[in-house]
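One structure is given here, and the rest of the page talks about it.
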Amino acid sequence: KAGVTQTPRYLIKTRGQQVTLSCSPISGHRSVSWYQQTPGQGLQFLFEYFSETQRNKGNFPGRFSGRQFSNSRSEMNVSTLELGDSALYLCASSSPGGAGTEAFFGQGTRLTVV
Amino acid sequence: SQQGEEDPQALSIQEGENATMNCSYKTSINNLQWYRQNSGRGLVHLILIRSNEREKHSGRLRVTLDTSKKSSSLLITASRAADTASYFCAKGAAGNKLTFGGGTRVLVKP
């Protein structure tokens, strides 16, 4: 079974631009969550999508948004990039129905904002 | 903000020794999960322990949970150089939202 795939792996953007990150979950997994990891704030939950609906949302500004497609693939978008958005963005998928099950993480997208 | 506090923040041991790290949390849990991360890469799930469980084992890993003290510990026995990584506890809540602690960086010296 293929794991969680995130693309791209690395990205460099300029302040003010926007960026879209992609995540393909494990086949059959309908829950996809996104996390931001920075040295200062650690791992922080962004949002979770389940069956194309946002089920949970973390405490991030509206510049951070996401969506999920009918094949469970998910994208997250960050608009008007700031230097502080530089981080490792991790996507995780969980099994069907998954309340309180283990999460399988992708390798992440490292975003650098200059 | 993070739900849990992990202790210690960093740990350096010799190969073959045991490593113990602790995690405290503030509010009630559905489950507590432990993950490993190597060098800023993706996280790997280690163990999930539910709120009605007290101890779980997986290979050289042992996790305990004390809900009265709102704390959990992860023990790695007979450590190997390959165990060098950061270890995170995460509180599982509604849906699949995970709230992570700050992590413990473990260095296993050969």
Side-chain angles (χ1 to χ4, degrees), chain A residues 3-6 9-10 23 25-26 29-51 53-60 68 72 74 86-112, chain B residues 1-7 9-10 21 23-53 56 58 61 63 65 67 72 74 85-105:
Chain A
V4 178
T5 303
Q6 290 189 246
R9 289 292 310 278
Y10 302 92
C23 173
I26 290 171
H29 285 191
R30 287 156 56 195
S31 167
V32 174
S33 300
W34 288 89
Y35 294 84
Q36 181 197 65
Q37 186 176 28
T38 60
Q41 297 298 315
L43 278 154
Q44 293 189 284
F45 173 79
L46 281 155
F47 28 65
E48 180 204 4
Y49 286 87
F50 181 79
S51 294
T53 302
Q54 189 179 85
R55 185 159 71 170
N56 277 301
K57 187 177 187 308
N59 191 25
F60 277 81
Q68 186 179 34
S72 293
S74 178
S86 294
L88 180 68
Y89 289 89
L90 293 162
C91 163
S93 78
S94 300
S95 61
T101 59
E102 65 181 291
F104 295 84
F105 282 81
Q107 291 300 296
T109 294
R110 185 163 294 282
L111 172 65
T112 302
Chain B
S1 63
Q2 293 159 0
Q3 172 70 211
E5 296 293 330
E6 293 186 56
D7 171 48
Q9 290 188 330
M21 58 210 85
C23 167
S24 62
Y25 55 91
K26 297 173 184 171
T27 57
S28 61
I29 59 169
N30 175 301
N31 63 75
L32 199 87
Q33 303 182 34
W34 286 88
Y35 289 82
R36 183 185 75 227
Q37 184 179 40
N38 292 87
S39 300
R41 301 183 68 181
L43 282 79
V44 174
H45 182 267
L46 297 175
I47 290 183
L48 181 154
I49 187 165
R50 300 197 183 280
S51 58
N52 61 351
E53 296 175 313
K56 282 191 91 167
S58 176
L61 306 179
V63 165
L65 178 65
T67 52
S72 175
L74 170 66
S86 292
Y87 292 81
F88 295 90
C89 69
K91 171 183 162 176
N96 285 309
K97 176 182 176 180
L98 294 173
T99 304
F100 285 89
T104 295
R105 293 189 311 279

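In what follows, chains are A, B, ... by sequence order, proteins preceding strands, each numbered from 1.
Looking at Gln37(A), the atoms closer than 4.5 Å to chain B (heavy atoms on both sides) all sit in the side chain, from C-beta outward. Neither the backbone nor the side chain of Phe104(A) has a heavy atom closer than 4.5 Å to any heavy atom of chain B.
Atom CG of residue Leu98(B) and atom CD of residue Glu102(A) lie 11.0 Å apart, to the nearest 0.5 angstrom. Expressed to the nearest 0.5 Å, how far CZ of Phe105(A) lies from NE2 of His45(B) amounts to 9.5 Å. We find the CG-OG1 distance between Asn96(B) and Thr101(A) to be 4.5 Å, quoted to the nearest 0.5 Å. Note that the NZ atom of Lys97(B) and the NZ atom of Lys57(A) stand 10.5 Å from one another [nearest 0.5 Å].
Counted within 6.0 Å of CD on Glu53(B), heavy atoms from surrounding residues, nucleotides or ligands total more than 12; the atom is thus considered enclosed. Annotation for Asn59(A): atom CG does not count as buried by contact number, only 12 or fewer foreign heavy atoms lying within 6.0 Å.
Counting only heavy atoms from C-beta outward, the side chains of Leu90(A) and Gln37(B) approach each other to under 4.5 Å.
Shown here are the side chain to side chain donor-acceptor pair (under 3.5 Å) partners of Gln54(A), two or more places apart in sequence or in another chain: Tyr49(A).
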